[in-house]
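The structure's right below; bear with me while I get my questions together.
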Amino acid sequence: MVYFRLKDLIRAIRRTKTAADERAVIQKESAAIRTAFREENSETRYHNVSKLLYIHMLGYPAHFGQIDCLKLVASPHFGDKRLGYLGTMLLLDENQEVLTLLTNSLKNDLNHSNMHIVGLALCTLGNIASEDVAKDLVDEVERLMENPNAYLRRKAALCAIRLIRKAPELEETFVLRAKSLIADKNHGVMLTGITLMIELCTQNPENVSSLSSIVPTLVSRLRTLATSGFSPEHDVGGLTDPFLQVKILRLLRILGEDNPDAVESMNDILTQVATSTDSAKNVGNSILYETVLTIMETDSDSSLRVLAINILGRFLTNRDNNIRYVALNTLNKTAIMDMNAIQRHRETVVKCLRDPDISIRRRALELSFALINDSNVRVMIRELLSFLEVAETEFKQSLASKIRISADRYAPNQRWHIDTLLRVLKLAGNYVGEEIVSSFIGLVCRTPELQPYTVKKLFVELKSDISQEGLVLAGVWCIGEFGDVLVQHQEPENGEEALRVTEGDILDLFETLLNSPYANRTLREYMTTSLMKLADRFHDPSVIPRIQSNLRKYSTSMEAEVQQRAVEYQNLFKHDEIRNAVFERMPAPEIREREPSPVERQKSKSKKRAVMEPKEGDLLLDLLGDNAPTSPAPTSNLPKTVDLLADIFGSTNISTPALVTNPNGAASTSSGNGLADLLGETPSSPANPNGVQSTLSPRLSGSPAAPASNPISPSLDNDTCIAYNKNGLRIEMDAAKDSQNPKIINIKINFVNTSEELAIEDLAFQVAVPKTQRLQMQPPSSTAISVGESAVQLMRVANPQQTPIRLRMKISFQAGDGHQVEEVAEFSGFPSSLTN
C-alpha cells in the first residue's frame with residue numbers, strides 16, 4: 001500500500017508489531033518513492049521528499065533522493081525551497097560530488113530579495129560547504145555581512161565560520177568585517193561577530209595581534225552590559241544578556257594572552273564583573289566562571305588571582321554538583337599559579353572528599369594532594385588516611401601510591417614517615433603496589449635507630465590482622481631481617497607496657513601466616529628467606545629444628561621458586577662457616593631521586609624550554625639533519641675524540657655513535673650492535689684474521705666488544721671518487737654493493753700523500769653517517785704515509801632504507817714539518833646506482 005501523505009506513513013509504521021513488519025513497510029514505500037522520482041512527477045515530489053526524510057530519520061537508506069532535493073531547492077516556492085534545503089543538509093555532505101550542482105542555486109538564493117530564502121541558503125552553506133563551494137561563494141557572504149538586515153548579518157557571520165574552517169586562506173577577508181560587527185547595536189550580531197573572531201584567532205594565532213586593537217571596545221561593551229539596568233529584551237535570570245558577556249570574556253582571554261597592555265586595560269572591568277555579578281543563580285555563576293578563566297589564563301594582577309580563587313572557593317560551597325565539579329577542576333588546573341590562595345580553601349576541599357558524587361571525590365582527591373606542603377603535611381595526610389579507610393576499591397591503589405609519594409617528599413621526621421607508610425599498609429595492604437612495600441623496607445633499613453620500634457609495631461599489627469598482603473610482606477621481611485632486635489628490645493615506650501617477644505613467638509606467628517588462607521606463592525618465597533635469616537640471628541638452639549622442619553615441608557613444593565629456596569637453604573645448614581656471611585644484614589638501599597612536585601615539574605619544563613631554544617651555530621650540525629647544540633670541543637690528545645665527535649657530528653646521547661679506535665691510532669664511529677644485527681653478526685662471533693674492528697655501544701651491551709666475523713671484502717671495482725684533496729692529502733673512495741647483501745656498501749679508502757717533500761704522520765680519520773645508516777671500519781694499513789706513497793682503509797655502510805650515502809669526515813694528521821692539520825669535510829658524491 002502506498003501512502004500519499006506523511007502522516008499516513010507515520011501511522012502505518014507505528015501500527016507495525018515487529019521490526020520485520022516495519023522494514024517491509026519502509027521497503028514498499030521506498031520503492032514507490034523511487035518510482036515517482038523516475039517518473040519526474042513534480043506534483044508529488046514535495047510529499048515524497050518529506051516521507052523520504054522521515055525514512056532517513058529512522059535510519060534507512062535515503063540517498064537516492066539527493067537529486068530531487070536539489071530540484072526542490074530550485075523551485076520558486078518558499079515551501080519547496082525550505083524542504084529542499086532541509087533534505088540537502090540531511091542527505092548531502094561536503095564530500096558528495098552532487099554538491100557542485102547546488103552552487104548555482106545557492107548563489108541565486110543568496111542574492112534573493114526575500115530575507116528568509118537568503119537565510120535558508122546561508123544556513124545550508126554554513127552546514128555543508130566544501131572548500132570549493134566556500135571559495136566560490138565567499139563574495140556573497142562577505143556582502144551579506146554588511147546587509148542592513150540584522151537577521152542576515154547574523155546568519156552571514158555564522159556562515160563565515162564554516163568558510164574559514166574549510167578554506168583558511170579566506171580568513172583575511174573576514175578580519176575587518178568581524179571588527180565592524182562589534183560596533184553593531186544588535187546583540188545577536190555582536191554575539192556572532194565575537195564568535196567569528198574567536199574562530200579567526202583559533203585558526204591562525206597571528207590574527208590575535210591584528211584583533212588586539214578591539215580590546216577597549218570589548219571592555220566598553222562588557223561594562224555597559226554589567227552596569228545596565230533591567231532590559232526586558234535581553235534579561236536572563238536578572239542579568240543582561242549573559243551569553244554575550246560570556247563570549248566577550250572568552251575573546252578577552254584569547255586577546256590578553258601574552259599582551260600586557262590588553263591585560264592592563266581589562267583589569268578594572270574584570271574586577272567589577274567578579275565583584276558585582278550575582279552568584280545566587282546559575283547564569284551569574286557562568287559569567288563568574290568565565291571571568292575566573294580569563295583572570296587565570298592572562299597575566300593579571302595577583303590581587304585579581306586571589307579574587308578568582310575566592311570565587312572558586314564559593315563555588316565549592318554550592319549545593320549544585322556541577323558547579324562544585326567545575327570549581328575543583330579549575331582549581332586543579334590553576335594550583336601551580338597561586339597555591340597560597342588555594343590553601344585558604346583547604347578545609348572546603350577536604351570536605352568534598354566525603355561527597356556522595358564519585359566524580360567530585362576524584363577531583364577533590366587530586367586537588368588535596370596538590371595542596372600538601374611542609375606545613376600542612378600532617379593534617380592533610382591524616383585526612384587522606386581517613387578517606388583511604390572508607391574509600392572505594394578503585395581509589396585505594398592510586399590513593400596509597402600518592403600518599404607514599406607525599407610522605408617521601410614532605411615527611412617532618414622519620415618516625416612519622418614510618419607510621420604513615422605502616423598505616424597505608426594496614427588500611428590498603430591488598431591494593432598497594434610493590435613500590436610501596438619496597439619503599440617502606442628501604443626506609444626501615446636506613447633508620448637503624450627506629451628498627452626496634454618498627455619491628456615491634458609490625459609484630460603487633462600482624463598478630464591482630466594478617467589479611468593485608470602488603471602489610472604481611474613488609475612485616476615478614478623486616479622481622480626476618482631484624483628479628484634479633486625484636487627479641488632483645490623489650491623497653492616500653494610512651495607509657496605502654498613492655499612487649500615481651502620470644503623467638504618461639506616469632507616462629508608461631510610465621511607458622512600461622514604459612515597456614516593461613518591468605519598465604520600465596522609470594523608470601524612463601526618471602527617466608528622461606530626470612531626463616532633462614534632468623535636461623536642465623538637466633539641463639540636459642542630449640543628453634544633451629546622448627547625452622548628446618550618448615551623448610552623441609554616446602555622442599556617438595558609444586559612452586560619451583562619456593563622449592564629451590566627451601567632446598568638451597570637446607571643445604572646451607574651443612575655449611576656453618578659461610579652461612580653467617582650469606583645472611584648478613586642487607587645494606588641500606590640508596591635513596592632514589594624523589595619525584596618532582598607539580599610546581600617543581602612546571603619550573604623544570606620552563607627551564608627545558610629555555611635550554612632547548614635553537615641558537616645560531618656551526619652549520620655542520622645541520623648537514624646530516626642533526627640539531628644538537630654545540631659545546632666546546634677538546635683540541636688535544638686522541639683519547640678525547642669521543643666528546644669532540646659528539647659535538648662535531650651533532651649527535652645526542654641516545655644516538656651518539658660509539659667510537660672505534662684502532663691500534664694504530666685512527667678512529668672511526670660505529671653504532672653498536674645495530675650494524676652487527678643488520679650484517680648478520682653477533683657479539684659472540686669469533687675473531688676474524690683480518691682484524692675488522694666493531695665496538696658495541698656500552699649503553700646496549702655493557703660488555704667489551706667482540707671482533708666481527710664478516711670481514712669487509714677488499715675487492716672493489718668501481719669509479720674512483722675524490723672525497724678530499726688539500727693540505728697534501730688526497731682521499732679517494734671506491735664504493736660497490738656487497739655481493740651477498742645489496743643493502744651493504746663496501747668502500748675502499750685510499751689516502752695518497754700528494755706533497756712533494758713532506759711526509760704525513762699520526763693520521764686519524766673519523767667518519768659519521770646519517771642516523772638511518774650504520775657504519776663499520778677496519779683500521780688503516782698505516783698512519784704514516786711517505787711522499788708519493790699511500791695507505792688503505794676499508795669500511796662498510798649498512799643502508800637498509802636505501803637513502804643517499806653521506807659522510808661527514810674529520811681528518812687529522814701532522815705534516816713532516818710539525819704542522820698540525822685538522823679538517824672537517826662532507827662528501828655525498830657516490831654514484832646513484834649504490835642506492836637503487
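Any value given below was found using the heavy atoms of this structure, including those in side chains, with hydrogens, waters and symmetry copies removed.
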Practice task
Tell me, please, which residues at least two apart from Phe369 pass ring-ring contact (aromatic ring centres under 6.0 Å, His included).
Solution key: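 Not a single residue meets the ring-ring contact (aromatic ring centres under 6.0 Å, His included) criterion with Phe369.
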Handout entry: For Lys333, all residues meeting side-chain hydrogen bond (donor to acceptor under 3.5 Å, both in side chains), sequence neighbours excluded
Key = none
Problem - Spacing of Ile785 atom CD1 and Ser755 atom OG [to the nearest 0.5 Å] - result: 11.5 Å
Practice task
Would you check if the side chain of Asn753 reaches a backbone N or O of Glu789 as a donor-acceptor pair within less than 3.5 Å?
Solution key: no
Handout entry: Leu834 to Ala736 - nearest heavy-atom pair and separation
Key = CD2-CA, 4.0 Å
Exercise for the section: Indicate yes or no for a side-chain donor-acceptor contact from Gln773 to the backbone of Pro804 under 3.5 Å, with no hydrogens or angles considered. Expected result: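 Yes: the side chain of Gln773 pairs with the backbone of Pro804.
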Handout entry: Whether Asp738 side chain and Ile744 backbone form a donor-acceptor pair below 3.5 Å
Key =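 A pair under 3.5 Å: no.
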Problem - Min side-chain heavy-atom separation Thr103-Asp132 under 4.5 Å - result: no
Completion exercise
Only one of Leu252, Thr298, Ile295 passes side chain to side chain contact (heavy atoms under 4.5 Å, CB included) with Val263, and that residue is Thr298
Exercise for the section: Taking the side chain as every heavy atom from C-beta outward, state whether Met197 and Ile214 have any atom pair closer than 4.5 Å. Expected result: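 When only atoms from C-beta onward are counted, Ile214 and Met197 do touch, with a gap below 4.5 Å.
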Practice task
Verify whether one side chain among Ser130 and Gln96 offers a donor that lies under 3.5 Å from an acceptor in the other.
Solution key: no
Problem - Value rounded to 0.5 Å, distance of CG in Leu807 from CE in Met795 - result: 4.5 Å
Practice task
Measure across Leu758 and Ala815 and return the closest heavy-atom pair with its distance rounded to 0.1 Å.
Solution key: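 Smallest interatomic distance, heavy atoms only, reads CD1-CB, 4.4 Å.
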Exercise for the section: Mind listing the closest non-hydrogen atom pair of Arg162 and Leu125 along with its distance? Expected result: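 Heavy atoms only, the tightest pair is CG-O, 3.8 Å.
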Exercise for the section: Determine yes or no for a side-chain-to-main-chain donor-acceptor pair under 3.5 angstrom, with Asn727 supplying the side chain and Leu729 the backbone. Expected result: no
Fill in the blank from the handout: In terms of heavy-atom contacts, Ser439 and Asp408 come closest through OG-OD2, 3.6 Å
Problem - Closest approach of Ala134 to Leu163 (non-hydrogen atoms, all atoms of both residues) - result: CB-CD2, 3.5 Å
Exercise for the section: Report yes if the side chains of Arg362 and Leu365 come closer than 4.5 Å at any heavy-atom pair, otherwise no. Expected result: no
Handout entry: Min side-chain heavy-atom separation Asn750-Thr720 under 4.5 Å
Key = no
Practice task
Quick one: closest heavy-atom pair of Glu435 and Ser401, and the distance?
Solution key: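 Residues Glu435 and Ser401, closest heavy atoms: OE2-OG, 3.8 Å.
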Exercise for the section: Mind checking the CD1-CG spacing from Ile254 to Asn259? Nearest 0.5 Å is all I need. Expected result: 13.0 Å
Handout entry: N/O donor-acceptor pair under 3.5 Å between Gln802 side chain and Asn799 backbone
Key = yes
Practice task
Check whether any side-chain heavy atom of Pro260 lies under 4.5 Å from a side-chain heavy atom of Asp299, and answer yes or no.
Solution key: no
Practice task
Could you tell me whether the side chain of Ile436 reaches within less than 4.5 Å of the side chain of Ile403, counting heavy atoms only?
Solution key: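 Result no, sub-4.5 Å side-chain heavy-atom pair not found.
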Handout entry: Value rounded to 0.5 Å, distance of CD1 in Ile805 from CZ in Phe830
Key = 6.0 Å
Completion exercise
With sequence neighbours left out, the residues meeting side-chain hydrogen bond (donor to acceptor under 3.5 Å, both in side chains) with Glu525 are Arg521
Problem - Side chain to side chain, Val138 and Phe174, heavy atoms closer than 4.5 Å - result: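 Contact flag for Val138/Phe174 side chains = yes.
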Handout entry: Heavy-atom donor-acceptor pair, Lys737 side chain to Ser833 backbone, under 3.5 Å
Key =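 Answer holds: yes.
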Practice task
Output every pair passing ring-ring contact (aromatic ring centres under 6.0 Å, His included) with a member in residues 724-763, not counting sequence neighbours, ordered by first then second residue.
Solution key: Phe751-Phe765
Handout entry: side chain to side chain contact (heavy atoms under 4.5 Å, CB included) against Arg165, all qualifying residues, sequence neighbours excluded
Key = Ile161, Glu199, Gln203
Exercise for the section: Taking salt bridge (charged side-chain N to carboxylate O under 4.0 Å, His left out) as the test, write out the residues that go with Glu297, two or more places apart. Expected result: Arg253
Handout entry: Any side-chain heavy-atom pair of Lys179 and Ser213 under 4.5 Å
Key = yes
